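Beneath this line is the structure, given in structure tokens, with notes to follow.
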Number of protein chains: 2
Amino acid sequence: MLGNLSDLDLRLIRVFLAVVDAGGVTPAQVTLNVGQSTISTQLSSLETRLGYRLCDRGRSGFALTAKGERFAELARSLIEAVSDFSAQARNMDKQLVGTLNIGLIGHTPISQNARISQAIARFKKRNEAVRFLISVRPPGDLEEHLLSGDIEIAVGYFWHRVPTLSYTSLFIERQVAYCGKGHPLYEHAGNLSAEEVAHHDWAWRSYPLPEAQQNVPDINITAEADNMEAVAVLILSGYHLGYLPEHFAAPYVQQGLLRALNPGRFHYDVPFHMVTRHKRHHTDIMTAFLEDLQVVHLGETG
Amino acid sequence: MLGNLSDLDLRLIRVFLAVVDAGGVTPAQVTLNVGQSTISTQLSSLETRLGYRLCDRGRSGFALTAKGERFAELARSLIEAVSDFSAQARNMDKQLVGTLNIGLIGHTPISQNARISQAIARFKKRNEAVRFLISVRPPGDLEEHLLSGDIEIAVGYFWHRVPTLSYTSLFIERQVAYCGKGHPLYEHAGNLSAEEVAHHDWAWRSYPLPEAQQNVPDINITAEADNMEAVAVLILSGYHLGYLPEHFAAPYVQQGLLRALNPGRFHYDVPFHMVTRHKRHHTDIMTAFLEDLQVVHLGETG
DNA sequence: TCAATACATCGATAAATATCAATGTAAATG
DNA sequence: CATTTACATTGATATTTATCGATGTATTGA
């Protein structure tokens with residue numbers, strides 16, 4: 001065989017293996033459904049291409065040469081590789097192939113991140129050839145990348161609505177008001193009234209919080225921050241009061257660095273959404289994964 | 001693609017990869033040395049067989065689909081497997097393939113066994129696909145198996161000549177006369193005369209030993225044994241004298257259990273042969289290995 | 001020696017494949 | 001809108017492949 005294996009060679013190899021399995025040219029006629037003379041010609045053709053004899057055959061019986069045996073081994077491996085390839089290539093017709101770009105905001109509750117992981121695991125069980133690309137960005141960034149198509153699905157809190165994006169509610173995150181250890185209210189924290197907290201300094205978010213506006217009484221805002229960590233720093237200083245997610249504040253509370261002012265009184269809930277571009281931009285991969293994401297969330301509430 | 005990868009598909013896959021590597025149909029004309037229309041038809045044919053689109057192409061440029069990328073990966077692996085197979089199949093033309101059956105007798109000197117190992121190592125450097133099957137048997141058995149073809153090469157001492165076998169001298173083994181620790185001659189051993197040893201009891205081999213007959217004076221044989229260990233047992237009893245190979249007796253001498261009577265006086269040499277059937281029965285493998293065996297022995301004496 | 005067995009060889013024929021040149025189609029550009 | 005670019009489609013033609021049936025060859029067994 002000069003150069004690469006051609007299609008003809010593959011055919012001849014299959015004929016050879018059929019002869020080996022049948023134990024001779026004559027019995028192989030049935031398997032191959034062609035005449036003895038055709039098989040004989042094809043075998044000879046293969047031997048000519050290879051440059052050596054594969055089997056002794058004739059009145060005295062059929063027997064592989066040493067080289068024929070070794071060649072048969074190699075040939076079976078090749079046929080198997082080819083068969084695997086065919087199966088994979090054929091399967092790809094029904095299979096989802098490509099990448100899925102997901103964007104998350106930071107400090108999502110561990111339990112919710114676990115939901116995303118569950119959805120990914122469930123998706124992987126479909127045996128699809130999809131690679132996940134996950135990035136963490138602020139909400140504004142996420143929206144930008146959604147619009148450009150760099151990110152296909154985002155999960156987080158979004159304070160406004162971009163008209164060309166689709167928002168689906170996934171879960172609720174509770175924000176509670178806290179004071180730091182050095183704050184004058186620290187010793188009495190737990191059951192404070194609106195009057196007791198009203199004139200103290202509060203740290204607030206620099207972006208609108210519609211859910212908070214509706215549920216929080218008038219307070220004296222003297223500091224602004226554009227993310228959760230910044231708010232936490234201000235509160236931990238012992239100078240400002242402010243709202244933080246319960247799951248984020250929990251370790252600090254445990255260490256006695258923060259205390260809730262009055263959880264029953266000073267709290268608001270924010271919804272986390274799954275955001276995508278509108279349906280006409282959905283790939284098959286997206287559709288399938290969104291299904292799995294929904295199932296995971298329904299399963300928890302069901 | 002229905003069933004196995006059929007004829008034409010390998011060719012079509014190669015066309016697809018050439019188009020991918022060239023970055024489009026038009027540039028691939030050069031690589032493939034056919035016209036654009038031919039390539040277009042072949043690509044479409046492959047896509048039809050697969051049932052999905054492999055690439056987007058036209059005025060707006062060339063780009064692989066997600067499935068096209070995955071398929072290209074798989075296809076490259078297949079082409080490589082095919083290439084490996086071709087190389088192996090082609091190499092087998094020049095290669096020795098099969099098994100080599102070698103028979104040895106037991107207790108060959110370590111240094112001589114090392115020679116066989118050297119010859120095998122040297123042979124393996126030919127990068128041939130030959131499996132070695134080595135068995136250990138008495139000389140008569142070895143000859144039998146040689147005649148039947150079960151063994152192709154035997155190495156050992158053979159006291160007679162079978163007409164249809166070919167004997168080639170490999171090395172000489174020296175036999176020396178010893179007495180055991182409890183024997184009356186033990187205290188004076190080392191320089192005994194023929195008269196001093198003549199009337200004592202000797203153990204001898206139950207098969208002819210032409211080399212010994214010529215070199216050993218008349219002695220009083222009162223025991224026979226058909227192998228070396230049996231002779232050794234008789235000598236170690238302290239009752240008989242007898243001849244043993246030097247290399248075999250050496251550890252016993254070291255432990256003071258045996259002493260040579262007079263090495264300069266009471267010894268004979270036996271040749272070890274390599275035995276095969278006559279040349280017309282020699283396979284290529286045998287011929288090549290015998291070459292290597294000769295080289296190893298010449299190297300030592302040269 | 002003859003007949004049976006298991007291929008090997010050969011010529012004829014039909015079918016499949018590969019390619020080209022001409023023309024059509026869709027998208028991008030000025 | 002007209003032109004250019006990058007393919008897609010089509011029909012004609014030459015080449016290659018696959019197969020059969022007839023016949024030849026070598027080996028084995030009675």
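Just so it is clear: chains get the letters A, B, ... in the order the sequence lines come, proteins before strands, and each one is counted from 1. What you see is a predicted model; the values in this text were computed from it and never measured.
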**Request:** May I ask you to decide whether A:D9 forms a salt bridge with A:R14, counting only side-chain N to carboxylate O separations under 4.0 Å?
**Result:** no
**Item:** Whole angstrom value for the distance that separates C1' of D:dA6 from CG of B:L43
**Value:** 13 Å
**Separation of atom CZ in B:R49 from atom C1' in C:dA16, rounded to whole Å** = 12 Å
**Residue A:T26, side-chain atoms from C-beta onward, closest of C:dA6, D:dC7, D:dT27** = C:dA6
**Request:** Respond yes when some side-chain nitrogen or oxygen of A:S40 is under 4.0 Å from OP1 or OP2 of C:dA8, and no when none is.
**Result:** yes
**Message:** Tell me whether the side-chain N or O atoms of A:T41 pair up with the base of D:dA18 as donor and acceptor below 3.5 Å, since no angle test is needed here.
**Reply:** no
**Prompt:** On DNA chain D, nearest-nucleotide positions of A:L32 versus A:G61: which is more 5'?
**Reply:** A:L32
**Complete:** In whole angstroms, the gap separating C1' of D:dT10 from CD of B:Q42 amounts to 16 Å
**Request:** Return yes if some donor-acceptor pair links the side-chain N/O of B:S83 with the main-chain N/O of B:I79 below 3.5 Å, else return no.
**Result:** no
**Prompt:** For the pair made of CD in B:Q29 and P in D:dA8, what is the distance, rounded to whole Å?
**Reply:** 12 Å
**Prompt:** What is the distance, rounded to the nearest whole Å, between atom CD of A:E47 and atom C1' of C:dC7?
**Reply:** 12 Å
**Asked** Less than 6.0 Å separating the ring centroids of A:F85 and B:F71?
**Response** yes
**Message:** Reading DNA chain D from 5' onward, which residue's closest nucleotide shows up sooner: A:G58 or A:T38?
**Reply:** A:T38
**Prompt:** A:S60 has a side chain; which of D:dT27, C:dT9, C:dA28 sits nearest to it?
**Reply:** D:dT27
**Prompt:** Choosing from C:dC7, C:dA18, D:dC7, which nucleotide comes nearest the side chain of B:R11?
**Reply:** C:dA18
**Item:** Per A:R57 side chain, nearest of listed nucleotides C:dT9, D:dC7, C:dC7
**Value:** C:dC7
**Whole-Å distance separating the CG atom of A:D56 from the C1' atom of D:dT27** = 13 Å
**Message:** I'd like to know if B:E143 and B:R277 make a salt bridge, using a cut-off of under 4.0 Å between side-chain N and carboxylate O.
**Reply:** no
**Fill in**
Among D:dT10, C:dA27, D:dA22, the one nearest any side-chain atom of B:R59 is C:dA27
**Message:** Just the rounded figure in Å: distance from C1' of C:dA18 to CG of B:L46.
**Reply:** 16 Å
**Message:** By nearest atom, which of the nucleotides D:dC7, C:dA18, C:dC7 is closest to the B:Q36 side chain?
**Reply:** D:dC7
**Asked** Tell me: CG of A:L12 to C1' of D:dT17, nearest whole Å?
**Response** 11 Å
**Prompt:** Can you list the steps and then say if B:F158 with B:L142 is a side chain to side chain contact (heavy atoms under 4.5 Å, CB included)?
**Reply:** CA-CA 9 Å; B:F158 300 90; B:L142 288 180; 4.0 Å; yes
